[in-house]
Protein chains: 2
Amino acid sequence: MKSKEKLQAAATKLFMEKGYEHTTVQEIASLAGVTERTFFRQFKDKSDVLFDTNNELGQGVSAFITDKFEVEQKPLKLAVEGFVSISEFFEGSRERVLARNQIIQSNPDLQERELLKGQVLIASVTNSLSAKYDSDVSELAARFAVEIFHMAFIKWINSTEKGLAEHLLTVYELYENSFCCVD
Amino acid sequence: MKSKEKLQAAATKLFMEKGYEHTTVQEIASLAGVTERTFFRQFKDKSDVLFDTNNELGQGVSAFITDKFEVEQKPLKLAVEGFVSISEFFEGSRERVLARNQIIQSNPDLQERELLKGQVLIASVTNSLSAKYDSDVSELAARFAVEIFHMAFIKWINSTEKGLAEHLLTVYELYENSFCCVD
DNA sequence: TAAAATAGTGTCACAAACTGACATTTTCAA
DNA sequence: TTGAAAATGTCAGTTTGTGACACTATTTTA
């Protein structure tokens, strides 16, 4: 096991046991059997240990959108379908995702970092949409789609009933029924 | 002049001159003629000096929405009109807002804090909408409205031509024309 | 296989952000 | 004027985060 993974495991364990604020990097490093200095070489700061910088989500959604390049469709619908397409990626790991989410919600620093990660996601989706649509339209669709995903995601981690894909469609329908067309 | 204001002025000046990261709290305090300790009594952390915690924006938008309680209207439209109603509040201060925005965009910590403030705004708007609409509908409308505001805001600080209210309406129309109704 | 490049880690010293405890000053109303 | 309350100063200490350099393990290449 690499030290990066050991640090991530140690950090998660300690954050759950005694809370994020009351866990020092020192302690995380000790539990992982390395030095504090090594922690900061693997992660840019304390909160970084909970976030993967890969943006796999954005990659996946973008790939789907790019793939459907030729299909005639409204941008928001397309983006939401992009999220639906990667929702199976989460299916096995609801428990783990829920635990991680609880840690994040317990601390403002972590919430902030999560939000910044959301911006990266928006940028990805915007970028893939803009091959087909106007740049402002793409950005707005990306932002709305991410909000829909966010809302569906919250519902999903708190429910054992329906899957993420179903929640996504439910929220999208809620949008269509409540917002669309003339008043 | 209260020390809080002196600290804010000093911080803004230094952040513009030498950048956020290269300015220490020590320096800010010295320039303001107080102690580092006093800084941390006025602001919870270094970045806090750039953010007012009043949420005046949220208050204003919420007040408008609550006021239009009886009027029959789609939730997103109502929320956007709420933002339009407070847009004159900004009109005189484009230069200052632009400068502040440039500081924020120069540093991830500040971006994160700005995003967290956005969440507070969303909560306000959601709350005022939910007197009239279903809770999920209210949240979604609030989130979309804040995104529309955000986009209009960016356009506004970079243009001397149109006012914020006009940009808001333009973006809202962009939304209506591109997303609404059946495909 | 031996030598050499390279990636990962340890050690140390230190800057900067932040906090708690207590002393001192300022303010302002009775 | 005085006396309580609010703001500020002082100081010691913890925690986060970084630079510099030495050391070790792993991999590459001759």
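Numbered from 1 within each chain, the chains take letters A, B, ... in sequence-line order.
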Sugar-phosphate, base or nothing in reach of T38(A), heavy atoms under 4.0 Å: sugar-phosphate
Pair Y175(B) and F144(A), ring centroids less than 6.0 Å apart: yes
Would you list the protein and nucleotides 12-18 of chain C atom pairs, both N or O, that sit under 3.5 Å from each other?
from, atom 1, to, atom 2, distance (Å)
dA17(C), OP1, K46(B), NZ, 3.2
dA17(C), OP2, V25(B), N, 3.2
dC18(C), OP2, K46(B), N, 2.8

From F153(A), F149(A), F89(A), residue fulfilling ring pair (Phe, Tyr, Trp, His ring centres under 6.0 Å) relative to F83(A): F149(A)
Length of the CG-P vector between L110(A) and dT16(D), whole Å: 12 Å
H22(A) NE2 to dT15(D) C1', straight-line distance once rounded to whole Å: 13 Å
E27(A) CD - dT15(D) P separation (whole Å): 8 Å
Exam field: side chain E91(B) to backbone L164(B), donor-acceptor pair closer than 3.5 Å: yes
Spacing of F43(A) atom CZ relative to dT9(C) atom P, expressed in whole Å: 11 Å
Side-chain N or O of Q42(A) closer than 4.0 Å to phosphate OP1/OP2 of dG8(C): no
Side-chain (S62(B)) to main-chain (Q59(B)) donor-acceptor, under 3.5 angstrom: no
Single-linkage hydrophobic cluster L31(A)~I103(A), side-chain heavy atoms < 4.5 angstrom: yes
Donor-acceptor pair (no angle test) under 3.5 Å: R41(A) side chain, dG17(D) base: no
K162(B)-T170(B) side chain donor-acceptor pair, cut-off 3.5 Å: yes
